[in-house]
Each structure stands twice: as structure tokens, then as C-alpha cells.
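Presented below is the structure to which this report refers.
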Number of protein chains: 2
Amino acid sequence: MEYQEAKDKFISTWGSLGTLWGINKAMAQIQALLFISTKPLTMEEIMEDLKISRGNTSMNLRQLMDWGIVTKTLVPGERKEFFTTEKDVQELSRIIAKERSRREIKPVIKVLEEVSSIKNDNSEKTKELIKQTKALHELTETMDVMINKLVDQKRNWITKSVLKLFK
Amino acid sequence: MEYQEAKDKFISTWGSLGTLWGINKAMAQIQALLFISTKPLTMEEIMEDLKISRGNTSMNLRQLMDWGIVTKTLVPGERKEFFTTEKDVQELSRIIAKERSRREIKPVIKVLEEVSSIKNDNSEKTKELIKQTKALHELTETMDVMINKLVDQKRNWITKSVLKLFK
DNA sequence: ATAAACTTTCAATAATTACTGAAAGTTCGA
DNA sequence: TCGAACTTTCAGTAATTATTGAAAGTTTAT
């Protein structure tokens, strides 16, 4: 496999994975492109490489910056803006985990909390609703805490965690 | 909040969460409905409660069965098929984690492996591609192993894991 | 203050994905 | 073996989501 083929394969796989994870294709592809680039890229270069429009590139770069995954870099003597992504995979996964916790898990926990604390009228169905949503609430909260603790360990958190779990 | 309101809220939240996790709304809603139901439900009851068509119900029930989350139950003396979902949240999360590993993570690992083992021609960009996809490959594999090990611990795996991590 | 160089916004449109409903298929009891 | 009761399939359609591209906005150098 040659460079170009490998690059395309990586970018498109990452792109379709993105869809599956709640971020759109273009966004994931831009991140992938920056991730394997040897230097900061301009919007022009990105749209050309991925064959996507200016508007699309602009919007998705913004989203990536909102996530904290991509940053603007100023290159001395250059008028245009350059973009880079976090290159360290562990740091990258920490940022993603944190964001997903904040954006997706936390709101669900809130709803589960509300639903599981409705007035118990002692009917079968109310009891079941309370019981099941309570269980889900506890589980979700535990997992969220776990993720956040793990992720706060910074350096080598994944390796460390694995060691702890299986020694 | 009354029963009906709580139920609707739970089902619709679960539904939109589903979208975010790569399963569709109807599928997630059917699972949610079964999850808080006090008894097995027929297709008829499901379509009526969620206001979705017969075809949609049928297809999504099938998918849920493929995931191993929902099972057909035969109720003695009844011609129709009844459906139930796994009611234990820990077991449910184990099934989901396993399936996601198999369906999503494993294929990505494979691609990363391929891409990261292209011939190194010693150009900057090839070196960068190899380096970055290798890092991603290692990370993904470690996480996948971690998830699978965790999940194989069966009983109370989540609580146990948390204890191990923070003692 | 102006204009060139660049970025953002957003209405229109395209692409994707989900849903319907009726026809075809299956199962079961008599 | 037949037909009623039920389930599945799938072409057509609806709903949702992503993308384009051109106009409006911004920044910077002179």
C-alpha cells in the first residue's frame, strides 16, 4: 500500500467512524487530515485535499475548535489562518471523553434523575418505572464518575488503568 | 410529574440518545418501552404505544434481537409473539459493550493496523502517517482489551472496577 | 479610508437515513 | 390442505442531516 492509498483509507475510515459517534463525516475527516499532517494547514489546503466546500470547512473547523481538538496557529508573516490538531493520542482521548461526558452523559443523568423521582402511587407500572430508571441512573452516574476519574489521571492514564485493573 | 409524562420523557430521551450512539430512534424507543414494561409486549402493543408502523416495529425488533438485547417470549396459549428486553442494567451494558467492540472497534483496529504498516519510504509525511496511526492503533487496542476484560467480570463489574481503580 | 485577502453565515439543495403500508411470506390449528 | 392470524419484506415517500456557494462580514496593510 502506497502513501496516498493509506492516507485516503485512514481519512475515510475515521470519517465514517465519526458518523457513528455523533460527529459528522467532514468534521472527523478534517481532524484525521490534520492528525497525520506534518505541518499546520490552511482552510484552502483542507478544502482542496478533502474536496469539500469553503463553508463546510469553516463550520466544521469551528466545531472542532469548540470541542477543543483543533486550534488556530498563527504562522509568522502569513495572513491566513493555520490549523492544527492535538497530536498526542492520550490527550486527544481525554478531551473527547470529557466532552462526551459533558454533552451527552450529563444531560441523560439529569433526565433519569427526574424520571426516577416521580411520586410513587404504588401501582405496578409506576414501581417498575421507578425501579428501572433508578438502576439506570446509578449505572450511568457510576460510569460517568469512572470516566472522569480515569481521564483526570493525565499522563499515561490508559496504561495505568489497565495495570490497576489486572494486577 | 405523573406516570405518563415520566414514561414519555424517558422513552424520548432514550430515543434521542440512541441516535447519538449509532442506533436509530425507533430501536432505542422500543427497548426503552420494554425496559419499563411490567410484562412482555406484542408487536401490536408496541406499535400502538410508540405510534410507529408495523414494518418499522418488525425491523427494529429484529435488530434488537440481533444485538441480543431483546428476546422473543412465548406466552402459553397465545398465538402472537411477545417480546422482552434484558432487565438487568449491568447485563445490558455488558451486552452493549461487547457488541460495540465487535461491530465498531474491531474493524477500526484492523484498518489502523493495515495503514500503519505501509512501507516506510523515509519521507516526512510517510513517517508521520505511520507514527500517528501506530499510536492510534495501540490506544484503540488497549481500550478494546480493557473494555472486554472489564465486561467479562460479569457480576457487579462496574462497582468492582471502580473500587480497583481508586483504592 | 480603501481595497485586497481572507472567513463566516445561511438559504437553497443534495444526500442520507428512517418510516410507511400493502403485498408476500410464514405458521398453526382444524 | 386450507385459511386465519400473524410477521416480514421492500418500493415508495417522508424526515432529517449535511453540503454548497455566493453574499455579507472581518481584518490588515497601505
Side-chain angles (χ1 to χ4, degrees), chain A residues 11-34 40-67 70-85 103-104, chain B residues 11-34 40-67 70-85 103-104:
Chain A
I11 289 175
S12 84
T13 307
W14 213 238
S16 42
L17 190 73
T19 321
L20 216 48
W21 279 78
I23 70 174
N24 75 28
K25 203 177 70 176
M27 190 171 153
Q29 289 188 339
I30 292 172
Q31 200 277 324
L33 178 63
L34 291 171
L41 300 179
T42 63
M43 216 166 80
E44 208 72 33
E45 290 170 309
I46 295 169
M47 30 183 298
E48 200 161 295
D49 200 315
L50 301 178
K51 311 248 175 312
I52 58 180
S53 73
R54 191 172 294 282
N56 201 2
T57 310
S58 170
M59 288 175 113
N60 286 109
L61 275 171
R62 165 107 84 91
Q63 280 211 72
L64 284 164
M65 290 189 284
D66 285 350
W67 272 71
V70 162
T71 43
K72 275 188 190 162
T73 320
L74 291 179
V75 172
E78 284 278 10
R79 175 72 178 277
K80 310 194 251 289
E81 295 174 328
F82 286 75
F83 299 91
T84 44
T85 189
R103 291 166 192 246
E104 297 158 31
Chain B
I11 290 175
S12 86
T13 306
W14 213 238
S16 43
L17 191 74
T19 321
L20 216 48
W21 281 80
I23 69 174
N24 76 29
K25 205 178 66 177
M27 191 172 152
Q29 290 189 339
I30 293 172
Q31 199 277 323
L33 178 63
L34 291 171
L41 300 178
T42 63
M43 217 166 79
E44 208 73 31
E45 292 170 308
I46 294 169
M47 25 181 306
E48 201 161 295
D49 200 315
L50 301 178
K51 310 243 174 319
I52 58 179
S53 73
R54 191 173 295 282
N56 200 3
T57 309
S58 170
M59 286 175 113
N60 285 109
L61 274 171
R62 165 108 84 91
Q63 279 213 72
L64 284 164
M65 290 188 284
D66 285 350
W67 272 71
V70 161
T71 43
K72 273 188 192 163
T73 318
L74 291 179
V75 171
E78 286 276 11
R79 176 71 180 278
K80 308 194 254 290
E81 294 173 329
F82 286 75
F83 299 90
T84 44
T85 188
R103 292 166 191 246
E104 298 158 29

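Residue numbers start from 1 in every chain, and the chains themselves are labelled A, B, ... in the order their sequence lines are given, proteins ahead of strands. Worth knowing before you read on, the calculation uses all heavy atoms, side chains too, and leaves out hydrogens, waters and symmetry mates.
Taking atom CD1 on A:I46 and atom P on C:dC6, their separation rounds to 15 Å, with Å as the unit. Between the CG atom of A:L50 and the C1' atom of D:dA18 there is a distance of 15 Å, rounded to whole Å. Rounded to whole angstrom, the span from the CE atom of A:M27 across to the P atom of D:dA18 amounts to 11 Å. Residue B:Q63 contributes atom CD, which lies 9 Å from atom P of C:dA18 at whole-angstrom precision. Atom-to-atom, NZ of B:K51 to P of C:dG21 comes out at 14 Å; the value is rounded to the nearest Å.
Just one residue in the list B:L74, B:T71, B:T42 forms a side chain to side chain contact (heavy atoms under 4.5 Å, CB included) with B:F82, and that residue is B:T42.
Note: A:I30 CD1 to A:F83 CZ = 9.0 Å, rounded to the nearest 0.5 Å. Remark: A:R62 CZ to A:K72 NZ distance equals 9.0 Å, nearest 0.5 Å.
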Please tabulate the protein-to-nucleotide N/O contacts below 3.5 Å involving nucleotides 14-16 of chain C, giving atom names and distances.
none

Show the distances under 3.5 angstrom between N or O atoms of the protein and N or O atoms of nucleotides 5-12 of chain D.
{"from": "D:dA5", "atom 1": "N3", "to": "B:R79", "atom 2": "NH2", "distance (Å)": "3.4"}
{"from": "D:dT7", "atom 1": "OP1", "to": "B:E81", "atom 2": "N", "distance (Å)": "3.4"}
{"from": "D:dT8", "atom 1": "OP2", "to": "B:S58", "atom 2": "OG", "distance (Å)": "3.1"}
{"from": "D:dT9", "atom 1": "OP1", "to": "B:R62", "atom 2": "NH2", "distance (Å)": "2.9"}
{"from": "D:dT9", "atom 1": "OP2", "to": "B:R62", "atom 2": "NH2", "distance (Å)": "2.1"}

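Enclosure of atom CZ in B:R103 by more than 12 non-hydrogen atoms of other residues, nucleotides or ligands within 6.0 angstrom is indicated.
In terms of modelled atom types and a separation under 3.5 Å, the side chain of A:Q31 and the main chain of A:A28 share no donor-acceptor contact.
Among all heavy-atom pairs drawn from B:V70 and B:M65, the shortest one is O-CG, 3.3 Å. Considering every non-hydrogen atom in both B:T84 and B:L34, the closest pair reads C-CD1, 4.2 Å.
Applying the side chain to side chain donor-acceptor pair (under 3.5 Å) test to B:Q29 and every residue at least two apart in sequence or in another chain returns nothing.
Distances from the side chain of B:S53 to the nucleotides D:dT19, C:dT20, D:dT20 place C:dT20 closest.
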